[in-house]
Amino acid sequence: HVTLPDAFDYVAGPTLSSVEPAIGTLTGGEVISLFGTNLHPSVNILFGEEPAQVLSVDDGFMAVTVTPGSDLAGWVDITAVNPDGQLATLPDAFRYLGPPGLATLSPAQGPSEGGTPVQLLGAGLVEGTTVHFGDVQAIAVTHLSDELLVATAPSHEPGPVDVHIEDPVGQIATLEDGFVFTPEATQGPAPEAQLITPTTGPVEGGVIVTIFGERFQPGAIILFGASPGLDGATSGDGVVSATLPPQEAGEVTVTVVNPD
């Protein structure tokens, strides 16, 4: 027999564990870092099926790449392929964000001292989106879905203002004169809630909740915590109802907000 000492080398394949940041624009061009092991200096990186430009590979543990463009918004896999053909895939690891859109606000007016919860309806309203009323940032923003945000209006001088949103990658949408700050003297009397029925509901929502009281204006909304009720309707000035939104288990404060 013949022996060839140390004649064959078993090479471990690459692994991928995380990516930072994990979002980018459809046009591409963002510089991101991929973390893993056994990343060859000549590794190829794919976003979905599109190859990325690899800028550097650091000791096999981190690859710095430039994202390729994409025709579609959404999540894609990231795959690392070493020259020997061994590969690793990180499923749904990167999200391409399309441009956001802002369609309507409800209510579209509120007192100049601020504090009005405002529903923003649109598209591409991803978590981390910021909201400005004029040049003043909203006090708080709650992400309910990629089509619905609830922002608390800040204090502002009376008058109409543009409302603009900015997603985490810097894409902006604006609704011109989207919100009117009204002087306190023009506000109607505050609504008064006296009875709510039912007082319990499932975490998946879907139950119609009705509140009886006084001075409910057409277009009034019901907030369950920070989440607005769906398909709200006002009957006269003493009854307002809405479909319960999904929510984690537990007690929440229920608030009726008139359009003014």
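Pro107 approaches Thr116 most closely through the heavy-atom pair CG-CG2, 3.9 Å. Taking every heavy atom of both residues into account, Leu97 and Gln171 meet most closely at O-NE2, 3.3 Å. For the pair Ala22 and Ala93, the tightest heavy-atom approach, listed with the atom from each and the gap, is CB-O, 3.5 Å. Across Gln137 and Thr130, no two heavy atoms sit closer than the pair NE2-CG2, 4.1 Å. Nearest heavy-atom pair, Leu26 versus Pro99, reported as atom, atom and distance to 0.1 Å: CD1-CD, 4.3 Å. Here the closest non-hydrogen pair linking Thr182 and Gln109 is CG2-OE1, 4.0 Å.
The hydrophobic clustering, which links ILVMFWY residues whose side-chain heavy atoms are closer than 4.5 Å, places Val131 and Leu223 apart. Put simply, Val118 and Val163 are part of the same group of oily side chains (I, L, V, M, F, W, Y) that touch within less than 4.5 Å, one to the next. Hydrophobic clustering (ILVMFWY, side-chain heavy atoms < 4.5 Å, transitive): Val19 and Val76 are in one cluster. The cluster map of Ile, Leu, Val, Met, Phe, Trp and Tyr, joined by side-chain heavy atoms under 4.5 Å apart, puts Val31 and Ile23 in different clusters. Linking ILVMFWY residues whenever their side-chain heavy atoms come closer than 4.5 Å, directly or via other members, places Leu149 and Val161 in the same cluster.
The local environment of CD in Glu251 is sparse, with at most 12 non-hydrogen atoms from other residues, nucleotides or ligands closer than 6.0 Å. Counting non-hydrogen atoms of neighbouring residues, nucleotides and ligands closer than 6.0 angstrom, the CD atom of Glu127 reaches no more than 12 such neighbours. Crowding of Asp84 atom CG: a count of heavy atoms from other residues, nucleotides or ligands under 6.0 Å exceeding 12. Heavy atoms from other residues, nucleotides or ligands lying under 6.0 Å from CD of Glu204 number more than 12.
With a 4.5 Å cut-off on side-chain heavy atoms, Asp77 and Asp92 count as touching. Counting heavy atoms from C-beta outward, Ile221 and Ser106 have side chains that approach closer than 4.5 Å. Using a 4.5 Å cut-off on side-chain heavy atoms (C-beta onward), Val203 and Pro246 make no contact. Asp58 places none of its side-chain heavy atoms less than 4.5 Å from the side chain of Ser33. Between Ile196 and Thr210 there is no side-chain heavy-atom pair separated by less than 4.5 Å. At least one side-chain heavy atom of Pro198 sits less than 4.5 Å from a side-chain heavy atom of Val207. Contact of the Ser145 side chain with the Leu125 side chain is not registered, since no non-hydrogen atoms from C-beta on lie closer than 4.5 Å. Val136 places none of its side-chain heavy atoms less than 4.5 Å from the side chain of Phe181.
Using modelled atom types, one side-chain atom of Asp162 and one backbone atom of Asp177 make a donor-acceptor pair closer than 3.5 Å. With Gln247 contributing its side chain and Phe224 its backbone, the two residues share a donor-acceptor pair below 3.5 Å. The backbone N or O of His40 lies less than 3.5 Å from a partner atom in the side chain of Asn82, making a donor-acceptor pair. Under the 3.5 Å distance criterion, the side-chain polar atoms of Asn38 are left unmatched by any main-chain donor or acceptor of Val11.
Using bins of under 30°, 30° to 60° and over 60° for the plane-to-plane angle, the ring pair His132/His164 lands in the parallel bin.
Distance CD1/Ile78 to OG1/Thr89: 10.0 Å, rounded to 0.5 Å. Between the OG atom of Ser241 and the CD1 atom of Ile208 there is a distance of 6.5 Å, given to the nearest 0.5 Å. The CG atom of Leu34 lies 5.0 Å from the OG1 atom of Thr65; values are rounded to the nearest 0.5 Å. Note that CD1 of Ile211 is 4.0 Å distant from CD1 of Ile222, once rounded to the nearest 0.5 Å. How far OG of Ser227 is from CG of Leu148: 8.5 Å, rounded to the nearest 0.5 Å. Atom CD1 in Ile165 sits 8.5 Å away from atom OG1 in Thr174 (nearest 0.5 Å).
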Checklist line | CA sep, side-chain torsions, deciding dist, call: His156, Phe133, ring-ring contact (aromatic ring centres under 6.0 Å, His included) | finding: CA-CA 8 Å; His156 197 284; Phe133 292 78; 8.7 Å; no
Any chance you could lay out the side chain to side chain donor-acceptor pair (under 3.5 Å) test for Thr67 and Glu30, step after step, and finish with the verdict? CA-CA 5 Å; Thr67 61; Glu30 286 87 14; 3.0 Å; yes
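Electrostatic pairing of Arg95 and Asp167 does not count as a salt bridge here, judged by no charged N lying under 4.0 Å from a carboxylate O.
Among the candidates Thr79, Thr37, Leu90, the single residue satisfying the side-chain contact (heavy atoms from CB on, under 4.5 Å) test with Leu16 is Leu90.
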